[in-house]
Each structure stands twice: as structure tokens, then as C-alpha cells.
Amino acid sequence: MKRLLPFILPTLVLAQSYPEVITRIDASYAVQSARAIEHSAYEAYLAAEGKHLPSLDARLSALKLNRTPTAVLASSKMQTASRNNVEGEVTLTYPLFSGFALSASAEKARLHHEKALLETSDLKRNLYLDATRLYAAAAGYEAVIAAQKEAKIAIDASYAKARGMYANGLLAPAELYAIEAKGYEIEAQIAESQSARLQALNTLSYLTGERVEKVELPSVREWTSEPTKVEAAAQANREDLLALAKALGIARSDIALAESRWYPQIALVASLKRHGDTFDLNGDGYANADKSYGGVVASWNLFSGMSDYHALQASKASELAAYAAIEDYKSRIISEIRNTALKIEATHTKLLSARMRIKAAEEYAKLTRGRFDNQLSSADELSRAIADLASAKAAAATLESELFTLDVSLLLQGGLEMFRVKTAIH
């Protein structure tokens, strides 16, 4: 045995715990993409805030006129400007009043950023839920495979016993073939369960970005919470619901933007401007080189073909739609939480029943095996007893994985914060 140990150890695969798998999702490409979108929204918000500050522009132009500018005075021509025109200008523009458009634009950009943050958190919440389902399914399949392999060992032992009885003329060929067929049937079931398990692990590996080869289900009912507390947490902290609230704020910012078109736009303008016929900008001998100026510019749109009015009505309709969406989603969340709680209780009851079924199936399999050894029951009865025991264990394992998924789903339906507090997974 000591000689074999070095060759056995490298093949051992340690189970990856549920918290380890969930933690890896935060570094997945899907989450990285959402974070990049959030950062883009943050930069857009800073850009919108920058519109409140004055802008400084520089301009340099150089022109050569096709003809010399002249004026006719007393039947004679006199040059009035140089053919070469060079102008340099530095202009400062400061928005004094924009009809609240700048403030509304900045507020809208801020809400977009906060909405992107919430959407990133909600993405993680949904990925956690997907990973939980896959993790529990893979763990459930491992338990099912273990039960099926126990059944295969039992059927192989019974088949060996049956062959001895057949060789001594104590068993009909049909009886022997029935046990043999059941062995092949269980092998097919094992192959199907292994395939399903690997599919779940492959998808789980995709979600986490790292290979997951073996999982181990935490104890059932380890993480539970009262539905009423989950409902309260969801109403206050659920990320997708808060994101809808931000969408309502964005719609209200659009109303402010639409209303800003009804006000004048006022800006302070100051410019350092020089003119010349060379890049020295020292004049051209005909006009003053200094053309600097300062003042106030005001503009007010008086008619736009009713487009401003319709834009305002569209924004108000969007606000109403966002409000209705929030109220509808609140009702939907409460319904989902209550349905999940009902499923948990029903699954828990079914699991208790499945465990009692295992006890009964184990006793019946023992009884049938003893009766078969004494030729008091048929091979078909023995095969069915062994298969029923494996089926009972598989059903219990499946229910355990479902119950774990439902318990975690209930926490996640309350929001990411509730899940983290209850599970201590950060």
C-alpha cells in the first residue's frame, strides 16, 4: 500500500467549497464587463459636471485675399486693408444660465452612474443564483452517482450468486438474464448521471472563469431566513428594484431637460483677440491690431415647431412608465419570495418522506436478497428491490440539492447584502 500511495495522491481531487466558487464569480469576465460599463458611466458623469465650468478656446487663422481690399474716394482708389489677414484669439465662455439644463444633465449622468453600479451588483446576484443552481445540481448528481454505484455493486454480487445457482441448475436462464439486464441498465444510468454532472461543472467553470472539478454540498437548512424579513430586505435593498428607482430619477431629469428649452440661454463671453498681416499680430497698417472684446450673449428659442412641447410630454410619459414599472416589480418580488418560501416547505416535507422511503427500501432489499438466496423470490423481484433502493437514494439526493438551492435563492431574492450577511461570503 505504501508503494502505491505516491501514485494515488496526485489523482485526488479536493472538493471546491460553495463560498470559494461564489467568490470567484466577482472576478469573472461578465462582472469585469459590467464594472467597465459602470466606470464609463462615472466618466460621463464627470464630463457632465465639467459643463458647469468655463470653457477656454484658442483659434488662429491665416487668410490671403484674392484681391486687395480698396475703396473709391473722389474717383480714386485707396487700399483699405492688407491682402494678408492673420487673427489669433483666446475666448473664455462661462454659462450664466441654461434654463437648468446643465444641472439636469449632470443629475441624469449621476443617476446613470448609480444605476450602472446597482446593475453590476444585480448581475452578481443573478450569477450567484445561477452558480448556486449549478453547484447544487452537480453535488446532487454526485450523490445520485454514488447511490447508483452502490446499486451496481449489489447487482453484481447478486449476479455472481445467480450464476452459481444457474450453474447448479437452480435458476432458469431468464432469471439470470434479468439480473444481467438490470446491471446494464444501472450502468447506463450512471453514465447519464455522470454526463449531467460534467455538464453542470462545465457551465459552473464558465461562470467562475476557473476549472471546477468537484463540489460538496453544504449542510441543508444551513442558511435560512424568514420570508417576511426577506420581503422587507428586498423592498429596501434589492439591487434591481433600486435600479428601477434610478430609472425613475433619470426620467424626471429628462423632464427638467425638456423644460429648459422654455428658458433663455445666457453666457458671459470674453476674448483676447489680435489681428495682423503676419503672425506677429501687430496690425496691418490699416486697422487696430487689438480686437479684444467682452460681453454677455443671450439666446431664446421662440418657436420650434412644437418639438419642445412634444419632447416634454414624452418625458412625462416615460416618468409615468418608470413609476408603474417600480410598483409592478415590487408586487412581483413579493410574489416570488412567497412562492419560494412555499416551495421550501413543500420540498422539506418531500425530503423527510424520501428519507423514510430509503429506510423502507433498504429493509426490503435485504429481505428480498435473503429470500432470493433461499430461492423464495425471483431474480426480477431482487433486481427491482435493488433498483428501488438506488432510486430512493437518488430522489433524496436530488431533493437535498433542490432544498439548498431554494434556501440560497430566498436569501438572494432579499438582495445581495442579505445574502452576504447570512452566508458570510464577501
Side-chain angles (χ1 to χ4, degrees), residues 35-64 81-82 84-119 245-284 286-312 314-316 318-319:
R35 284 174 176 161
I37 293 173
E38 177 269 317
H39 182 69
S40 173
Y42 177 68
E43 294 296 336
Y45 162 61
L46 294 180
E49 280 287 342
K51 297 293 184 180
H52 288 93
L53 301 176
S55 62
L56 189 65
D57 300 289
R59 186 177 70 88
L60 179 66
S61 65
L63 302 174
K64 187 175 184 64
S82 172
N84 298 323
N85 286 272
V86 182
E87 286 187 347
E89 182 178 9
V90 177
T91 305
L92 177 70
T93 305
Y94 184 76
L96 296 178
F97 182 68
S98 63
F100 311 106
L102 294 180
S103 298
S105 295
E107 176 67 7
K108 181 179 178 180
R110 182 184 68 82
L111 291 170
H112 269 297
H113 171 236
E114 292 177 355
K115 183 171 178 283
L117 276 172
L118 291 166
E119 287 174 344
K246 297 301 178 183
L248 176 60
I250 291 170
R252 288 171 177 167
S253 297
D254 284 334
I255 291 176
L257 279 171
E259 290 176 339
S260 70
R261 294 285 297 164
W262 301 87
Y263 297 96
Q265 311 290 310
I266 303 174
L268 176 66
V269 180
S271 177
L272 295 175
K273 184 176 180 180
R274 292 188 65 83
H275 168 82
D277 55 2
T278 66
F279 285 102
D280 292 333
L281 302 177
N282 291 324
D284 58 5
Y286 302 94
N288 191 351
D290 188 2
K291 291 188 175 184
S292 300
Y293 61 88
V296 177
V297 177
S299 64
W300 196 346
N301 176 260
L302 299 178
F303 183 70
S304 61
M306 300 296 289
S307 65
D308 293 341
Y309 170 79
H310 291 299
L312 178 59
S315 299
K316 290 181 177 179
S318 296
E319 179 193 24

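Taken to the nearest 0.5 Å, the NE2 atom of His113 stands 9.0 Å off from the CD atom of Glu43. With values rounded to the nearest 0.5 angstrom, Glu38 atom CD is found 10.5 Å from Glu114 atom CD. A distance of 9.5 Å separates CG of Leu257 from CG of Leu102, quoted to the nearest 0.5 Å. Note that the OG atom of Ser304 and the NE2 atom of His310 stand 9.0 Å from one another [nearest 0.5 Å]. Residue Lys108 holds its NZ atom at 3.5 Å from CG of Asp254, rounded to the nearest 0.5 Å.
Between Leu268 and Gly295, the shortest heavy-atom contact is CD1-O, 3.3 Å. Ser315 and Ala258 make their closest contact through OG-CB, 4.1 Å (heavy atoms, listed as atom of the first residue, atom of the second, distance). Considering every non-hydrogen atom in both Ala48 and Ala106, the closest pair reads CB-CA, 3.8 Å. Here the shortest heavy-atom pairing between Thr91 and Val269 reads CG2-CG1, 3.9 Å. Nearest heavy-atom pair, Ser260 versus Gly99, reported as atom, atom and distance to 0.1 Å: CB-O, 2.9 Å.
Just one residue in the list Asp284, Asp290, Asn288 forms a side-chain hydrogen bond (donor to acceptor under 3.5 Å, both in side chains) with His275, and that residue is Asp284.
Within a 6.0 Å sphere centred on OH of Tyr309, other residues, nucleotides and ligands contribute 12 heavy atoms or fewer. For Arg261, the CZ atom sits in a loose shell: 12 or fewer heavy atoms of surrounding residues, nucleotides or ligands are nearer than 6.0 Å.
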Under 3.5 Å, which donor-acceptor pairs link side chains of residues 50-62 to any protein atom two or more places apart or in another chain?
from, atom 1, to, atom 2, distance (Å)
His52, ND1, Glu49, O, 3.3
Arg59, NH2, Glu89, OE1, 3.3

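Side-chain contact check for Arg274 versus Glu87: every heavy-atom pair is 4.5 Å or farther apart. Annotation: side chain of Glu259 is in contact with side chain of Ile255 (closest heavy-atom distance under 4.5 Å).
In this structure, Ser318 contributes its side chain and Ala314 its backbone to a donor-acceptor pair below 3.5 Å. One N or O on the side chain of Trp300 and one on the backbone of Trp262 form a donor-acceptor pair closer than 3.5 Å. Without hydrogens or angle criteria, Ser292 side chain to Lys273 main chain gives a donor-acceptor distance under 3.5 Å.
The pair Arg110-Glu107 meets the salt-bridge criterion, with a side-chain N (NZ, NE, NH1 or NH2) lying under 4.0 Å from an Asp/Glu carboxylate O.
For Asn282, there are no side chain to side chain donor-acceptor pair (under 3.5 Å) partners at least two apart in sequence or on another chain.
Using a 30° and 60° split on the angle between ring planes, Phe97 and Phe100 fall in the perpendicular class, above 60°.
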